Amino acid sequence: MEYNFARIEKKWQDRWFSEKTGAAVTGSEKPKFYGLIEFPYPSGQGLHVGHARPFTAMDIICRKKRMDGYNVLFPIGFDAFGLPTENYAIKNHIHPSIVTRDNIANFTRQLKMLGYSFDWDRCVDTTDPDYYKWTQWIFLQLFRNDLAYKATMPVNWCTSCKCVLANEEVVDGVCERCGSEVIRREKSQWMLRITKYADRLIDDLDDVDFIERVKIQQKNWIGRSEGTELTFATTAGDPLTVYTTRCDTLFGVTYMVLSPEHPYLEKWKDAVSNWDAVSAYRDEAARKSDFERSELNKDKTGVLLDGVRAVNPATREEIPIYVSDYVLMSYGTGAVMGVPGHDQRDWEFATKFGLPIIEVVRGGDITKEAFTLKDDTGIMVNSGFLNGMTVKDAIPAMKQWVTEQGFGHPKTNYKLRDWVFSRQRYWGEPIPLVNCPKCGWVPVPEDQLPVLLPEVESYEPTDTGESPLSKMTDWVNTTCPHCGGPAQRETDTMPQWAGSSWYFLRYMDPKNDSAIASKEALDYWSPVDWYNGGMEHTTLHLLYSRFWHKFLYDIGAVPTKEPYAKRTSHGMILGEGGEKMSKSRGNVVNPNDIVEQYGADTLRVYIMFIGDFTKAAAWSGKAVAGCKRFLDRIWVIASERREGDELSKANEKEVHRAIQKVGSDIEEMKFNTAIAQLMSLVNQFYANEPSRGDIRALLLLLSPFAPHIAEELWELQGFEGMACETAWPVFDESKMIDEVKTIAVQVNGKLRSTVAAPLDADQQTLLELALADRKIAGYAEGMEIVKTIVVPNKLINLILKPKK
RNA sequence: GCCGGUGUGGCGGAAUUGGCAGACGCACGGGACUUAAAAUCCCGGGUUCGAGAGAGCGUACGGGUUCGACCCCCGUCACCGGCACCA
């Protein structure tokens, strides 16, 4: 009989979906396991082989967990709001909701074709009003708790998408999505106060099992730094406050710098004698994008503020104040103290402007570059009461001094900024607020949610930068929920990150119409036990969703502080030549083609065998065929009716080892070596005819990886039920023992021979066996044994030296 | 520049974390079956020298620790990812 994968895969998928073998049961007595993958964006291109890697991995884990007796929640959904769909809709004059519906249908078909054991009854779609009702509800809670606010600020503006971008969406000065230029633009935007959660987002990482590089990347992104705020008196009267992490260098401050956006510039206008030059510099800086301003190795530029001077509180000396765009308004206070001896940027500025450079930490050569080391090697000099101390001691000493003197105080700063939450686009969740001339911003009452996205004629972006919704006057004009007077709806929509910030909660109870999910479901399923996803989401989705979840925890809406107990990450699938897959390179592999040619099981096995799951891996068409060959070999050996329900004597050792190895490899995401182990087992069966019991074990081990062929062979062999619903086999360590061990024999640390020895042979026995070996005897000739090192059951190393 | 990561045959990758480097697969070579080819099955293989038994050299490079190092330590180089005038 032939291995007809197309027929078999269709047959078993129909059966799994009709019998709902992937269904999760809220409240079951079994232990629960919640395995999560990042739900896909349903693009027009359809499923990519890149999706297949993490999806197959988590499917294998979840299938194994079910066999281990867990009540598994393994859900799927679609993150369907967003720009590509909207752009496609505009270009082809099809409504985004229709584009979305078609794309979801296509994705669903493809996901089912790969045999993933999702609980399809829990499928969510972020563009479904029954879903985004709750996205809007969460926004309203944020608003009520003063975590959403409107602010006019310079924002990143994509010139092509005609839309505001979050900092995270700007990559190398261009739009992450379309690659167009991003400029700065003043706009009034809804903001979320993620910065209020900065400390908890860092500190609570200690309580979760995330891979280390995710934790480090999140910490770096949040960028907490412990420093000091210092206040300098000025001749203009206004005290000037700066932030520094090196208050120990205060005696070395020889000038001050303000950012071009610093409010004091306007304030000091009359006191500044060269205002024209200052004003011109400021205007020039304003015209530049953030990217231009921060371009690599740019020469320092700046202008002296002629007429105002600051006073160094430590030395009491007057020092000049400059304006320069190397100081950012958005970090710290927008002003810095210049310490050219011990900060490289200050050193460059001082060198260019001929400012004095004072050494206050000994250890470097400040005529050549700034000496920036902060460790114990530096000793304070030219620094009054700090002289002779190490930098390490000087920092707290200075902190204490400035605090006592009233010049400053300790201060923590963060690189993290608040989250720009508005988008001037159509295809997103409407922000459920009404602007009333009398009452200000008023939330839409919760019983009126969802605020539906209105049907519009044109959803094209406007040149003014207003949302397309602003043209819908019927929809925009409404009454104030508070005073009943005429008012206007907010026309901005939410960013794509909104719907994905809480979707894992909705899976727990997806049809609930009175809450994001029932308390019972939240208590039962929380937290997500294992979340696997891409590293590219570490500082966006993963951080945003942790923020929302902590907020929901604070208002009592969810039972855990953290949403995800464990986070792992997979490597990218690259094209055949090791380059990123892209349409322009023409190296994109379509899963449909692979499934058609080899079947879903082959694709699943190959994508897991391709290499280390955590590292990038290049596609190989030849190697796919090798995996098909592996399944063919299984078909041949397992489709034939076998005798004997026990494991065969010849194979039992290898079977037990495989049960152990495959099981532990799945837990550790070492899928490639798990499959290698299965291949070895099949090779073993080709050498020693397997019993029916041997085949049974093989099929169970195979079933998470290649579930269709495993079920078909399971049925052919006449085993009961379905393999995917059978318990994972148990290994017996005592059956895995070799009675005879091959022992490596080293002479002076070099491998010279191997000998066969009984299990657990002692040193004396091993020594005798080694010396009985012809080659070793040759080496030992005329030598004496100085030392013998034995690693039980592994190795004996003889240290020899010539006899005197 | 800073923070992470990686570097092993012709190729993808293994190595119980200090104990026989190269599992498993791809590609390749040889054999069996076949009129022939494909498919399948069996065998082989790091590299150099050697007819051979065998010996030397081998985990990016240079040192070190150790009876013993792909693994630990110090230094260097290359590539990948993230951040980047964050004071």
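Letters go in sequence order (proteins before strands), and every chain restarts at 1. Predicted, not measured: the structure shown is a model, and the values here were computed from it.
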**Student:** Can you tell me if N413(A) touches the phosphate of A87(B), counting only side-chain N or O atoms and a distance under 4.0 Å to OP1 or OP2?
**Tutor:**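 So the side-chain polar atoms of N413(A) never come under 4.0 Å of the phosphate oxygens OP1 or OP2 of A87(B).
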
**Student:** Can you check each nucleotide of nucleotides 44-51 of chain B against protein heavy atoms at under 4.0 Å and return B for base, S for sugar-phosphate only, - for none, in 5' to 3' order?
**Tutor:** --------

**Student:** Nearest whole angstrom, please: distance from the P of G19(B) to the NZ of K794(A).
**Tutor:**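 Nearest whole value for this atom pair: 7 Å.
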
**Student:** Hey, does N797(A) reach any base, or is it just sugar-phosphate, or nothing, if we go heavy atoms under 4.0 Å?
**Tutor:**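 N797(A): base contact, heavy atoms under 4.0 Å.
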
**Student:** Under a 3.5 Å distance rule, please check whether W347(A) uses its side chain to pair with a backbone N or O of I366(A) as donor and acceptor.
**Tutor:**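 Flag set: sc W347(A) to bb I366(A) pair under 3.5 Å.
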
**Student:** Roughly how many Å is it from CZ in F671(A) to C1' in A14(B), rounded to a whole number?
**Tutor:**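 Between C1' of A14(B) and CZ of F671(A): 17 Å.
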
**Student:** Does a side-chain N or O from S225(A) land closer than 4.0 Å to OP1 or OP2 of A87(B), or not?
**Tutor:**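 For A87(B), OP1/OP2 do have a side-chain N/O of S225(A) under 4.0 Å.
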
**Student:** Scan I799(A) against the nucleic acid and name what it touches under 4.0 Å (heavy atoms): base, sugar-phosphate only, or nothing.
**Tutor:**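 Sugar-phosphate, backbone atoms only, no base.
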
**Student:** C20(B) P sits how many Å from L751(A) CG, rounded?
**Tutor:**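 From L751(A) CG to C20(B) P: 9 Å.
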
**Student:** OP1 or OP2 of C26(B) less than 4.0 angstrom from a side-chain nitrogen or oxygen of R629(A), does that happen here?
**Tutor:**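 So the side-chain polar atoms of R629(A) do come within 4.0 Å of the phosphate oxygens OP1 or OP2 of C26(B), strictly under.
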
**Student:** Would D773(A) and K775(A) pass as an ion pair if we require N to O under 4.0 Å?
**Tutor:**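 The answer is no: the pair does not qualify as a salt bridge.
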
**Student:** Within the structure, does a side-chain N or O atom of Y331(A) lie under 4.0 Å from either OP1 or OP2 of A87(B)?
**Tutor:**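 Yes, because at least one side-chain N or O of Y331(A) sits under 4.0 Å from OP1 or OP2 of A87(B).
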
**Student:** Where does U8(B) fall, syn or anti, if syn means a chi angle no more than 90° from 0?
**Tutor:**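 Base orientation: anti.
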
**Student:** Report yes if a side-chain nitrogen or oxygen of N683(A) is closer than 4.0 Å to either non-bridging phosphate oxygen (OP1 or OP2) of G25(B); otherwise report no.
**Tutor:**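 True: N683(A) side-chain N/O within range (under 4.0 Å) of G25(B) OP1/OP2.
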
**Student:** Report yes or no: is the cationic atom of K300(A) (NZ for Lys, CZ for Arg) under 6.0 Å from the centre of the six-membered ring of Y326(A), at an angle within 45° of the ring normal?
**Tutor:**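 The answer is yes, since K300(A) meets both limits relative to Y326(A).
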
**Student:** Within the pair K661(A) and A14(B), is there a side-chain N or O less than 4.0 Å away from OP1 or OP2?
**Tutor:**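 So the side-chain polar atoms of K661(A) never come under 4.0 Å of the phosphate oxygens OP1 or OP2 of A14(B).
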
**Student:** Determine the contact category for R224(A): base if any of its heavy atoms lies under 4.0 Å from a base atom, sugar-phosphate if only primed atoms, P, OP1 or OP2 are that close, otherwise nothing.
**Tutor:**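 The answer is nothing, as R224(A) stays clear of every strand by at least 4.0 Å.
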
**Student:** State plainly whether the residues D632(A) and R629(A) are in salt-bridge range, i.e. N to O under 4.0 Å.
**Tutor:**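 No salt bridge links D632(A) with R629(A).
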
**Student:** Rounded to the nearest angstrom, tell me the gap between atom CD in E369(A) and atom P in C85(B).
**Tutor:**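 In whole Å, C85(B) P lies 20 Å from E369(A) CD.
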
**Student:** Using a heavy-atom cut-off of under 4.0 Å over every strand shown, decide if K622(A) touches base, sugar-phosphate, or nothing.
**Tutor:**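 Here K622(A) touches the backbone only, sparing every base.
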
**Student:** For D325(A) and A87(B), what is the distance between atoms CG and P respectively, to the nearest whole Å?
**Tutor:**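 In whole Å, A87(B) P and D325(A) CG are 18 Å from each other.
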
**Student:** Is the centre of the F609(A) ring less than 6.0 Å from the centre of the F671(A) ring?
**Tutor:**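 Ring centres of F671(A) and F609(A) not closer than 6.0 Å.
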
**Student:** Return yes if the base of G81(B) and the side-chain atoms of Q217(A) contain a donor-acceptor N/O pair under 3.5 Å, otherwise no.
**Tutor:**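 No such pair is found, so the answer is no.
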
**Student:** Is R213(A) close enough to U6(B) that one of its side-chain N or O atoms is under 4.0 Å from OP1 or OP2 there?
**Tutor:**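 Result: no.
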
**Student:** List the steps, then state whether ring pair (Phe, Tyr, Trp, His ring centres under 6.0 Å) holds for F630(A) with W635(A).
**Tutor:** CA-CA 9 Å; F630(A) 165 59; W635(A) 182 266; over 10 Å; no

**Student:** Which residues pass the ring pair (Phe, Tyr, Trp, His ring centres under 6.0 Å) test with Y598(A), not counting sequence neighbours?
**Tutor:**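 With neighbours one apart ignored, the set is empty.
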
**Student:** Tell me if the NZ atom of K352(A) is crowded by more than 12 foreign heavy atoms within 6.0 Å.
**Tutor:**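 Result for NZ/K352(A): enclosed.
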
